[in-house]
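Have a look at the structure below, then the notes.
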Amino acid sequence: MKLTRRQFGIAAGASAVAIASPLPLRAQSPIVIKFSHVVTDDTPKGKASLKFKELAEKYTGGKVKVEVYPNSQLYKDKEEIEALQLGAVQMLAPSTAKFAPLGAKEFEALDLPFVFPDTATYTKVAEGPVGKYLMDKLEPAGISGLAFWDNGFHMMTGNRPMHVASDFQGMKIRISGSKIADQYFRRVGAIPQILAFSEVYQAMQTGVVDGGENTPSNIYTQKFFEVQKHISAANHAHLQYAVIVNSKFWKGLPADIRPQLEKAMKEATDLANQIANQENVDALEAIKKTGKVTLYMVSGAERKTWIDAMMPVHEWAVGRCGQEVVDLLHKEAGFHT
Ligand code: LMR
């Protein structure tokens, strides 16, 4: 969906071009960074965004004001990416599964099933040549990548138990946008459907979808456990974000400001990546305590049925994401088919 002038608060007939103000006061107004995201404040991404706000305002002595808009308050999924390109927001941290509209399908390689055996491998990949390769792909879209923020491994939620691959047969599964996820769910006989994050709760409640994949911190803070009966953990895929900015805005910042924001971003990134695991552990405990959902840890033999069914997606991904990134990812992750 294209955003209209009205959604940007531009009155009909008015020009979007800024008009220079003759008032000297204008020089003192802070540079505003609108930072939009789709999760609650009480998640790794929510907390890291607020940390960035705190540090950016502190390090720039108030010359920068960061306005954080959580929980799809301002825009949802695809719309926030359009808004960033148009300059209506300056900073986002979307899941990398949502980057195809930026012409950067290569990011979807990170969604490959079972490619990360553990968090350490994911971190090595994000911080190494793969991370750099991916961020470079954003520049032609007028976007600069600043950091990767972790959110841990996905679990499955559903209205029925999901132990082995055949349990997914016929299930309508919500996905966030990645064609790789679309493929791996098709390979287990499920019917994937893209929905914006803000629409998932209701879709689960009304039976529009039967299940979805997400991390415990998202399942807990969005209360998906209220509208799903089962959670299955097989570490089949991983959720991470890339913090991205409008390049024109970022590169046009005064010389004394950008290094301070980079410092703030580095510290916010350290926080995001330090807390992601523990936040998921805590969220899972809290979900268990509600008693509303059955948690199942998939066994090694059961997990093998998922792996066998989903593994052909690695081959398929070459056509979607390109041989170069798939090979580089496999190498960096120490992955062998
Ligand atoms: C989703 O849409 O499920 C996630 O990308 C939400 C998020 O940003 O964690």
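When a ligand or atom number is given, it counts from 1 through the structure's own listing order. All values reported here derive from a predicted model rather than from experimental measurement.
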Whether Phe225 and Tyr220 hold their rings parallel, tilted or perpendicular, with breakpoints at 30° and 60°: parallel
Smallest separation among heavy atoms of Tyr241 and Asn218, with atom names: OH-ND2, 3.9 Å
Distance-only donor-acceptor check, side chains Glu80 and His37, under 3.5 Å: no
Audit row: Lys132, Met135, side chain to side chain contact (heavy atoms under 4.5 Å, CB included) steps and yes/no: CA-CA 5 Å; Lys132 162 108 187 54; Met135 292 305 204; 6.0 Å; no
Short side-chain to backbone donor-acceptor contact, Thr121 and Pro117, under 3.5 Å: no
Quick check for students: name every N or O atom pair between ligand 1 and the protein closer than 3.5 Å, with distances.
unit_1	atom_1	unit_2	atom_2	d
ligand 1	2 (O)	Lys98	NZ	2.8
ligand 1	2 (O)	Arg174	NH1	3.4
ligand 1	2 (O)	Arg174	NH2	2.8
ligand 1	3 (O)	Arg174	NH1	2.7
ligand 1	3 (O)	Asn214	ND2	2.9
ligand 1	5 (O)	Lys98	NZ	3.0
ligand 1	8 (O)	Lys45	NZ	2.6
ligand 1	9 (O)	Asn218	ND2	2.8
ligand 1	9 (O)	Tyr241	OH	2.5

Flag side-chain contact, heavy atom, 4.5 Å: Ser198 against Val38: no
